[in-house]
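Right, one structure below, let's go through it.
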Amino acid sequence: MEHILIAVAWPYANGPLHLGHIAGAYLPPDIFGRYHRAKGNRVLMVSGSDAHGTPITLRAEQEGVTPAEVVDRYHSQFLDCWRKLGISFDLFTSTSTPNHARVSQDIFRTLLEKGYIYKNSVPQQFCSNCQRYLPDRYVEGTCPLCGSSGARGDQCDSCGKPLNSTELRDPHCRICDTTPLIKESEHFFLRLSAFQELLRKWIEAQRHWRPNVLNFSLRYLDEGLRDRAITRDINWGVPVPVEGYEGKRLYVWFEAVIGYLSASIEWAGGDEAGWRPFWSGEARGYYFIGKDNIPFHTLIWPAMLMGYGGLNLPYNVPANEFLTIQGRQLSTSRNWAVWLPEYLKSYDPDPLRYYLSANMPEGGDTDFSWQQFYSRNNDELVATYGNLVHRVLTFVHRHYSGEVPRPGTIDAGGQALLNKAAATLDTVDRALAECHFREGLRAAMALAQEGNRYLESRAPWKSVATDREGTGTSLYVAMSVISCLKTVLYPYLPFSSTRLHQYLGLEGSVEDPWEWQRPTPSRGLPGPSALFAKLDAKGIEAEVSRLEASP
RNA sequence: GGCAGCGUAGCUCAGAGGCAGAGCAGGGGCUUCAUAAGCCCUGUGUCGUGGGUUCGAAUCCCUCCGCUGCCA
């Protein structure tokens with residue numbers, strides 16, 4: 001039995017989830033977690049809402065509500081999405097808990113005592129009217145590069161260039177329009193430069209990482225790590241635990257990654273014997289994130305852990321690339337996105353899980369199109385897998401009074417299929433252990449095709465009139481294969497596997513053993529119904545035009 | 001502007017020096033248990049462009065074009 005920590009990227013609680021989030025960071029860890037639980041390993045899968053940061057405070061100020069209200073709204077929406085999509089967190093918390101603040105401050109203090117955090121003075125925009133320092137996004141002005149007005153202190157949306165707020169021409173406060181002054185402000189910095197060589201040595205040893213993650217991280221090191229400010233002049237966030245700095249907060253990028261640890265501690269109710277086995281010794285930590293988050297998880301968080309000491313570094317960071325939508329880059333500001341709450345109003349969770357697994361952006365960007373979604377649902381999920389299950393189970397009901405047929409001697413053809421099923425269990429096992437999700441799904445679907453071929457060759461609808469026992473044997477073999485599919489597809493398609501587990505009259509729970517359960521002969525079965533619904537192709541056009549109608 | 005990645009069949013994507021692959025779509029046939037589902041047969045692809053290395057390049061190197069990302 002192993003301890004597997006599954007650390008999942010923390011979604012920003014300032015907007016709804018879209019399919020890019022799911023394909024990139026949320027579906028893969030769920031598949032991985034369900035697999036490991038079925039294998040009998042101890043799994044701790046944690047994440048939570050990222051409650052801090054200026055996008056949230058800005059949104060709150062624009063809406064005239066508190067940041068906490070914004071966070072609460074999306075946090076409960078996230079929880080609802082996880083439940084409906086079957087994302088099986090052991091704990092999905094938030095960075096606004098007292099526990100998280102305590103753990104973050106503990107790490108801050110320890111790094112400060114060890115000299116990995118130091119103070120420095122930096123120029124900062126200050127609004128004399130609002131009487132406060134302005135974080136980047138609170139300053140608007142004219143872009144020094146392209147000359148367009150309305151550029152923000154962190155970036156110009158017009159030309160897409162990142163900026164420093166002090167570079168803006170004609171800067172003004174986004175709240176009150178006053179022209180800000182530049183004042184010196186004292187901040188704390190993380191001494192990342194101290195970890196340069198340690199990190200390089202460590203990363204170069206991670207041969208099991210995906211090449212994109214490895215190369216990306218090494219490139220950062222080639223450029224040389226620079227120390228970064230970890231505090232801000234803002235009043236929403238985790239307070240800096242140093243006397244005289246009460247008005248400052250920890251920068252989100254420093255504090256949010258600590259959430260993996262603080263959530264583990266929260267999950268264990270603070271009991272060290274509960275959480276530490278996931279963070280030390282042979283325990284392995286897998287960090288599931290999108291590619292935009294790579295440096296935080298392969299460089300910054302490991303540096304923090306090295307400095308803090310006593311906790312495992314990430315074992316793997318299987319970062320995914322991005323999902324494009326109908327061939328175009330996903331954009332939340334232009335509303336070019338498929339929102340998960342919207343999806344879940346109209347469709348079941350498993351078809352999306354299937355599509356995104358089959359087309360997961362593991363090695364490069366991949367595309368989501370409604371056309372493809374419908375076709376994968378109707379032509380693969382329904383036609384190949386769902387129909388195999390349905391034709392076998394309805395046949396058993398009609399001709400064997402709904403009882404598992406008692407098998408006679410299994411011939412070479414049947415045995416060959418059973419061997420193929422056993423091999424598939426191994427293939428999917430290995431693929432999942434290595435986070436090769438697409439490969440595992442491909443292998444599972446290939447077995448479903450074999451099942452259909454076998455039925456075709458046996459034609460039980462013919463033989464049942466003349467050879468009841470032989471036909472029963474064929475059906476038993478087919479049901480055994482279906483049972484194997486139930487297990488290997490469970491991590492991907494938990495909802496339909498749960499139903500199939502019942503339809504097959506199997507013992508125990510669908511979540512339990514990663515093994516091939518055979519149906520019990522003569523057992524009475526509940527009446528089956530179709531595992532998946534076929535979708536009317538008319539829906540494609542409706543979805544596409546809804547997407548294109550958005551501004 | 002600098003750096004990196006990608007560009008393979010109508011579509012979505014694998015493959016990474018040794019006869020170009022899968023699924024889906026399309027075409028032909030068989031079947032009728034099943035959600036008009038299933039099975040069999042069916043691929044003339046300048047592997048983005050142009051060059052180079054090699055006995056041999058989709059694969060390695062360089063140029064250019066296009067897309068994406070990171071950085072300035």
What does [X] touch in the nucleic acid at a heavy-atom separation under 4.0 angstrom: a base, only the sugar-phosphate, or nothing?
| X | value |
| --- | --- |
| A:Phe532 | base |
| A:Glu439 | nothing |
| A:Ser369 | nothing |
| A:Leu330 | nothing |

Legend entry - Spacing of the P atoms in B:U8 and B:G45 (rounded, Å): 15 Å
Legend entry - Side-chain donor-acceptor contact under 3.5 Å, A:Tyr354 with A:Glu380: yes
Legend entry - Distance-only side-chain donor-acceptor flag, A:Tyr490 / A:Ser496, under 3.5 Å: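 No donor-acceptor contact under 3.5 Å links the two side chains.
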Legend entry - Given A:Phe532, A:Phe495, A:Phe373, the one that forms ring pair (Phe, Tyr, Trp, His ring centres under 6.0 Å) with A:Tyr347: A:Phe373
Legend entry - A:Phe288 and A:Phe437 aromatic ring geometry - parallel, tilted or perpendicular at 30°/60° bounds: tilted
Inset, instruction - Only pairs at least two apart or in different chains count here, so list each side-chain hydrogen bond (donor to acceptor under 3.5 Å, both in side chains) that has a residue in residues 403-428 of chain A. - result: A:Arg406-A:Ser522, A:Asp411-A:Arg458, A:Gln415-A:Asn419
Legend entry - Stacked pair A:Trp461-B:C33, distance under 5.5 Å, angle under 30°: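 Yes, the aromatic ring of A:Trp461 stacks with the base.
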Protein-nucleotides 4-7 of chain B N/O pairs under 3.5 Å:
none

Inset, instruction - Before accepting this row, confirm whether a basic side-chain N of the pair A:Asp350/A:Arg499 lies closer than 4.0 Å to the acidic partner's carboxylate O. - result: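 Result for this pair is no, no salt bridge flagged.
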Inset, instruction - Check whether any side-chain nitrogen or oxygen of A:Arg398 sits under 4.0 Å from OP1 or OP2 of B:A34, and answer yes or no. - result: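 The answer is yes; a side-chain N or O of A:Arg398 sits under 4.0 Å from OP1 or OP2.
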Protein N or O to nucleotides 38-40 of chain B N or O, pairs below 3.5 Å:
unit_1 : atom_1 : unit_2   : atom_2 : d
B:G38  : O2'    : A:Arg391 : NH1    : 3.3
B:G38  : O2'    : A:Glu456 : OE1    : 3.1
B:G38  : N2     : A:Glu456 : OE2    : 3.0
B:C40  : OP1    : A:Arg453 : NE     : 2.4

Legend entry - Atom pair distance, as rounded to whole Å: CZ in A:Arg442 and P in B:A22: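 Answer to the nearest Å: 12 Å.
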Legend entry - Partner nucleotide, any strand, of B:C70 [Watson-Crick/G-U, under 3.5 Å]: B:G2
Legend entry - Backbone of A:His399 reached by a side-chain donor or acceptor of A:Arg468 within 3.5 Å: yes
